[in-house]
Amino acid sequence: MEDSVSALPPRIAVLIPCLNEEITVGKVVADFRATLPEATVYVFDNGSTDRTAERARAAGALVVREKRPGKGRVVQSMLRKVDADLYVVVDGDDTYSAADARRLLAPLLAEQADMVVASRLAEYSSGSFRSLHVLGNRMLTGIVNWIFGARLKDMMSGYRALTRELAKSVPILSPGFEVETELTLRTLEAGYVIAEIALPYRERPPGSQSKLRTFSDGWQVAANIFNITRNYRPLTFYGALGALFLLMSLAAGGPVVLEFIETQYVTHVPLAILSTGCMILSFLCFSIGLVLSTVIERAREVVEVHLLNRR
């Protein structure tokens, strides 16, 4: 019985979040249906005021309406409502090539990764990104690599494939465009394997408008990294604060110590108080980081046992 079940082909779902993409969504759906004829294509319409839903249905997609605004909420809904073995998540703006979908799925089918991300930064045209987007992406990806010990190149890509286990295990809480960052961070934190494949990234077709806001969305991504690091890597977060206070304590206390060695007397009382206060804060930060890290490790063990019991 187990052999017959395992021999069944995997159920593949293509998930396309959309908001006012009537210009491109029909082509995107048609391209993925041609590339992955065995897959079911879903378009989640996030309150479009144009003909997005109509064009998607005409192209052969199953259209689901998500009334809660925000791409993050759409992704939450997609991964919760759609039941499949493998998921391909792609934007509906026709900037990604459907012809590369099987390349994304290959590492999942070979059980070499739990998520495969299309890295866009190796091949893109001058009009593909807004100004500062590439720089901001590289900076934030570098921070995440440092925190989690990863080697990612493009954590904000909107084109990725993931397994059912990951989709049903990793919580998504972000409401907006920072959802790709959160999905990547939570995947890393949970210990799942992420692979990247360099794929071309095209410009939007004429008439298609991006919904990204460079500074406000970038701030949301940075805030998301800050919060997840604080909550899931407390030793790194509070350890860095502790190290900062330790350096401040040593800088403020150095002249005080030298003066006492020379004169056996302290006249820089404010510096001595500042140094002592910073040293106390440093020890407190390190202690908080150690305690929270231990608590999180125990909580992670409980979650792992729960997930094993569900399988």
Side-chain angles (χ1 to χ4, degrees), residues 9-67 71 73-109 115-120 123-125 127-129 154 156-164 167 177 179-180 183 197-212:
R11 298 169 299 160
I12 302 173
V14 178
L15 308 178
I16 307 174
C18 278
L19 172 61
N20 294 332
E21 297 288 5
E22 67 174 2
I23 295 175
T24 57
V25 67
K27 179 179 182 300
V28 173
V29 171
D31 288 349
F32 274 95
R33 292 192 68 203
T35 301
L36 298 172
E38 72 275 26
T40 304
V41 179
Y42 296 85
V43 168
F44 276 66
D45 180 17
N46 195 207
S48 297
T49 56
D50 61 6
R51 300 173 63 192
T52 293
E54 179 183 340
R55 297 282 176 83
R57 287 193 189 93
L62 296 178
V63 178
V64 181
R65 186 170 181 83
E66 174 54 52
K67 59 181 178 295
K71 185 178 181 180
R73 296 188 178 98
V74 179
V75 173
Q76 296 169 23
S77 184
M78 292 191 304
L79 298 181
R80 184 180 71 253
K81 294 179 178 179
V82 177
D83 189 34
D85 299 312
L86 300 175
Y87 299 87
V88 176
V89 182
V90 62
D91 293 337
D93 55 10
D94 196 31
T95 54
Y96 301 98
S97 173
D100 296 310
R102 292 198 184 277
R103 292 183 61 192
L104 288 181
L105 290 169
L108 303 184
L109 293 169
M115 177 189 291
V116 184
V117 179
S119 176
R120 306 163 295 172
E123 185 180 345
Y124 61 91
S125 61
S128 298
F129 290 99
D154 182 13
M156 298 182 188
S157 174
Y159 192 15
R160 58 187 69 205
L162 55 152
T163 62
R164 172 187 173 84
F177 281 100
V179 62
E180 285 91 0
L183 182 57
I197 296 178
L199 296 178
Y201 185 60
R202 304 187 292 240
E203 293 184 45
R204 277 177 167 266
S208 176
Q209 298 295 323
S210 174
K211 287 81 180 175
L212 285 172

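Nothing fancy with the numbering, it's 1 onward along the sequence.
Considering all non-hydrogen atoms of both residues, Tyr96 and Asp91 come closest at CE1-OD2, 3.7 Å. Across every non-hydrogen atom of Val29 and Ala56, the tightest pair is CG1-O, 4.3 Å. Here the closest heavy-atom approach between residue Asp100 and residue Tyr159 is recorded as C-OH, 3.8 Å. Listed here is the closest heavy atom pair of Val117 and Asp154: CG1-O, 3.6 Å. A pairwise comparison of heavy atoms in Glu21 and Asp93 identifies OE2-CB, 3.9 Å as the closest pair. Taking every heavy atom of both residues into account, Pro17 and Val90 meet most closely at CD-O, 3.2 Å.
Taken to the nearest 0.5 Å, the NZ atom of Lys67 stands 8.5 Å off from the OG atom of Ser77. In this structure, Leu19 CG and Asp45 CG are separated by 7.5 Å, a value rounded to the nearest 0.5 Å. Here the CG-CG distance, from Leu79 to Leu183, works out to 7.0 Å after rounding to the nearest 0.5 Å. The line from OG1 of Thr35 to CZ of Arg103 is 13.0 Å long, rounded to the nearest 0.5 Å. If you take CG on Leu109 and CG on Leu104, they are separated by 11.0 Å, rounding to the nearest 0.5 Å. Atom NZ of Lys71 sits about 8.0 Å away from atom CE of Met78, to the nearest 0.5 Å.
Taking 4.0 Å as the cut-off between side-chain N and carboxylate O, Arg160 and Glu180 do not count as a salt-bridged pair. Ion pair Arg164/Asp85 not flagged as a salt bridge, since none of the NZ, NE, NH1 or NH2 atoms sits closer than 4.0 Å to an Asp/Glu carboxylate oxygen.
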Exercise. Stepwise, does the salt bridge (Lys or Arg N to Asp or Glu O under 4.0 Å) test hold for Arg80 with Glu66?
Worked result: CA-CA 12 Å; Arg80 184 180 71 253; Glu66 174 54 52; 5.1 Å; no

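By the 4.5 Å heavy-atom criterion applied to side chains, Lys81 and Phe44 are counted as neighbours. The closest side-chain heavy-atom distance from Val43 to Val64 is not below 4.5 Å.
Counting only distance, with no hydrogens or angles, the side chain of Ser157 and the backbone of Ser119 share no donor-acceptor pair below 3.5 Å. Remark: the backbone N or O of Val41 is not paired with any side-chain donor or acceptor of Arg33 at under 3.5 angstrom. Arg55 places no side-chain N or O within donor-acceptor distance of the main-chain N or O of Ile23, the cut-off being under 3.5 Å.
None of Thr52, Asn20, Asp50 except one satisfies the side-chain contact (heavy atoms from CB on, under 4.5 Å) rule with Val25; the exception is Thr52.
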